[in-house]
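All heavy atoms count here, side chains included; hydrogens, waters and symmetry mates do not. Here is the naming used below: chain letters follow the sequence lines, and residue numbers restart at 1 for every chain.
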There are 2 protein chains.
Amino acid sequence: MAVALTSPPKGSRAARTRATEDRILAVALESFGTKGFDSVSLDDLATDLGITKQAILYHWSSKRALLDAVIDRAALELIIEFDGALSEDGTGWSRVESVVRRIFRVAMRRPELLGFIREISRIGGDASLRVTADLEPFVTRATAYFEREMDAGRIRRCDPGLLLVSAYSTVLGAATEVEVLRAVGIEPTLRSTVVRRRELLSFLYAAMVAPEYALTQAPR
Amino acid sequence: MAVALTSPPKGSRAARTRATEDRILAVALESFGTKGFDSVSLDDLATDLGITKQAILYHWSSKRALLDAVIDRAALELIIEFDGALSEDGTGWSRVESVVRRIFRVAMRRPELLGFIREISRIGGDASLRVTADLEPFVTRATAYFEREMDAGRIRRCDPGLLLVSAYSTVLGAATEVEVLRAVGIEPTLRSTVVRRRELLSFLYAAMVAPEYALTQAPR
DNA sequence: CGGTTCACTTACCAAGTGGTAAACATTCGC
DNA sequence: GCGAATGTTTACCACTTGGTAAGTGAACCG
């Protein structure tokens, strides 16, 4: 459940304005992320919110401007969800494991957030540039972390950017690629998710951890 | 370049009908796969094809019926692209490697084909069921292959379905997640793709190949 | 208290949406 | 060659789309 990310005076008119803007952004993120930007009309959003389309257009001058605001919000929430994992204690595998667990948790509880990022990538153009720019600090931190771990010999040496992409798409796929899972005969229930996460962790463990270091750690 | 998949009398009226239907399906697959189903109107398609929207509606009674036809075609083309790799010579790693190379080739040359599968997953409902059903025989072959390789001790033992999903989403991600690549500072040029594929192969190699067997094979 | 600002609604609109009906041209079977 | 089936177009329609203009009631500020 997304909540207000900042809080002016409270009870004031400005506060209530912020609150409805938050509501709109939350519903828009949910809808855009699951159904796609073009598949959701302003009228759809307004109906879900119990307001009129023009109320939305009062806060943002166009649907496209609303999208930009949703992008910023999604990036912010993603960073909040994941950045903490990079700050957690532990090194090498244990930290990677905690990140994977977080992504799974997010994918289970808020699939629209990850779906939205995919949607933005597909829209391309300015939208992609925006989300890229928003997430840049996080990406920098993550790759820097990988580089440190490689230097310490705890993670197999390779291009940290590519490692991040591989790990990202592997986890995101296993967590969200519901139809593909169905195709291979795996119903995405809550129980199977636990199994899936464990299998994926050992997949990633094998792929990432340096062989010399692996001897001193257990993958589960 | 997709071409006609079957060929009646030739030159006949039936042949020309089939040809235009093929053209429509090809353009629809391309557009739906890159822009999304809802983002492409029948008028858009017709304009691209140099015909009128009603010509499309003559061959399929509704936009939704057209989508079903495009799904069938996409699944068929996917199977043609990948199924051959499973029949190729070689065992264990070498065969996996050839499949990965094929996926990369497809992702580079026909990104809309893979994008379309993603789009269908998002649409959900009947569309997903349809593509799942279409691809079922291929998935069965692929998992059976993994199981044989595990029995032979050439691939690390694990759930073959999950292994397929992990490999699928990893490769698909590295091949298509262009925006994410940009975010980590990798411009998706043709040269960088070669590097990416090599890195990904060693990532997959480490993840999949059984350690005992690995000693007898080189990952690149 | 009174005017102004603010958040929002009602009333529209032009452009596009998927889809229908009928006219038209070409090619086929005979 | 001729009527019929076939593929395509022109004309049209009801409905939805993003967006504008003007109005309304409440909260704010002096």
Side-chain angles (χ1 to χ4, degrees), chain A residues 4 6-29 31-32 35-71 119-120 123 125-127, chain B residues 4 6-29 31-32 35-71 119-120 123 125-127:
Chain A
T6 56
S7 41
K10 191 176 190 178
S12 71
R13 179 152 67 178
R16 265 177 298 121
T17 298
R18 173 65 52 89
T20 67
E21 286 185 352
D22 260 353
R23 277 183 62 227
I24 295 173
L25 289 176
V27 172
L29 174 54
S31 296
F32 292 165
K35 301 177 200 162
F37 180 66
D38 284 319
S39 310
V40 178
S41 71
L42 291 178
D43 280 308
D44 291 341
L45 287 180
T47 304
D48 285 353
L49 286 159
I51 60 178
T52 61
K53 155 176 64 177
Q54 290 72 12
I56 300 175
L57 287 170
Y58 170 78
H59 294 278
W60 295 276
S61 60
S62 70
K63 193 186 181 187
R64 187 46 219 256
L66 170 63
L67 178 63
D68 283 346
V70 176
I71 290 175
E119 172 71 4
I120 294 305
I123 292 175
D126 298 346
Chain B
T6 58
S7 42
K10 190 175 191 180
S12 71
R13 178 154 69 178
R16 266 177 297 120
T17 299
R18 173 65 53 90
T20 66
E21 286 185 352
D22 259 354
R23 277 184 61 227
I24 295 173
L25 288 177
V27 172
L29 175 53
S31 295
F32 290 165
K35 301 176 201 162
F37 181 65
D38 283 319
S39 310
V40 178
S41 71
L42 291 179
D43 280 308
D44 292 341
L45 286 180
T47 303
D48 285 353
L49 287 159
I51 60 178
T52 60
K53 155 176 64 178
Q54 290 71 12
I56 300 175
L57 287 170
Y58 170 77
H59 295 279
W60 295 277
S61 59
S62 70
K63 193 185 180 186
R64 188 45 217 258
L66 170 64
L67 178 63
D68 283 346
V70 176
I71 290 175
E119 172 70 3
I120 294 307
I123 291 175
D126 298 346

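Note: CD1 (A:Ile51) to P (C:dA7) measures 13 Å, nearest angstrom. Following rounding to the nearest Å, B:Asp43 (CG) and D:dT8 (P) show an atom-to-atom distance of 17 Å. Regarding B:Leu42, its CG atom lies at a distance of 21 Å from the P atom of C:dA15, rounded to whole Å. Rounded to a whole Å, the NZ atom of B:Lys63 is 8 Å from the P atom of C:dT17. For the pair B:Leu45 CG and C:dG19 C1', the computed distance is 15 Å after rounding to whole Å. Nucleotide D:dT17 holds its P atom 12 Å from the CG atom of A:Asp38, rounded to whole Å. As rounded to whole Å, 18 Å separates atom P of C:dG19 from atom OH of B:Tyr58. We find that CD1 of A:Ile24 is positioned 7 Å from P of C:dC8, with the value rounded to whole Å.
Regarding contacts with the backbone of C:dC8, a side-chain N or O of A:Thr20 is found under 4.0 angstrom from either OP1 or OP2. A sub-4.0 Å separation between OP1 or OP2 of C:dG16 and a side-chain N or O of B:Ser41 is absent. Between A:Thr17 and the phosphate of C:dA7, there is a side-chain N or O to OP1/OP2 separation shorter than 4.0 Å.
Looking at every heavy atom in both residues, A:Lys35 comes nearest to A:Val40 through CB-CG2, 3.8 Å. Of all the heavy atoms in A:Ser39 and A:Asp44, the pair that sits closest is O-OD2, 3.9 Å. Contact between B:Leu49 and B:Arg23 at its shortest, heavy atoms only, is O-NH2, 2.8 Å.
Among the nucleotides D:dA27, D:dT6, D:dT9, the one closest to any side-chain atom of A:Arg16 is D:dA27. Side chain of A:Ser62, nearest nucleotide from D:dT8, D:dG19, C:dC8: D:dG19. Among the nucleotides D:dG18, C:dG19, D:dT8, the one closest to any side-chain atom of B:His59 is D:dT8.
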Hey, what are the protein-to-nucleotides 20-22 of chain D N/O distances that come in under 3.5 Å?
unit_1, atom_1, unit_2, atom_2, d
D:dT20, O4, A:Gln54, NE2, 3.3

Taking only distance into account, with no hydrogens and no angle test, what donor-acceptor pairs under 3.5 Å do side-chain atoms of residues 50-61 of chain B form with protein atoms, sequence neighbours excluded?
unit_1, atom_1, unit_2, atom_2, d
B:Lys53, NZ, B:Asp43, OD2, 3.3
B:His59, ND1, B:Glu21, OE2, 2.9

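Checking side-chain atoms of B:Ser31 against main-chain N and O of B:Ala28 turns up no donor-acceptor pair under 3.5 Å.
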Problem - Verdict with supporting geometry, B:Val70 and B:Leu66, side chain to side chain contact (heavy atoms under 4.5 Å, CB included) - result: CA-CA 6 Å; B:Val70 176; B:Leu66 170 64; 4.1 Å; yes
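As judged by a 4.0 angstrom heavy-atom cut-off over every strand, B:Thr52 is placed among the base-contacting residues.
Salt bridge absent: B:Asp22 and B:Arg18 never bring a charged side-chain N and a carboxylate O closer than 4.0 Å.
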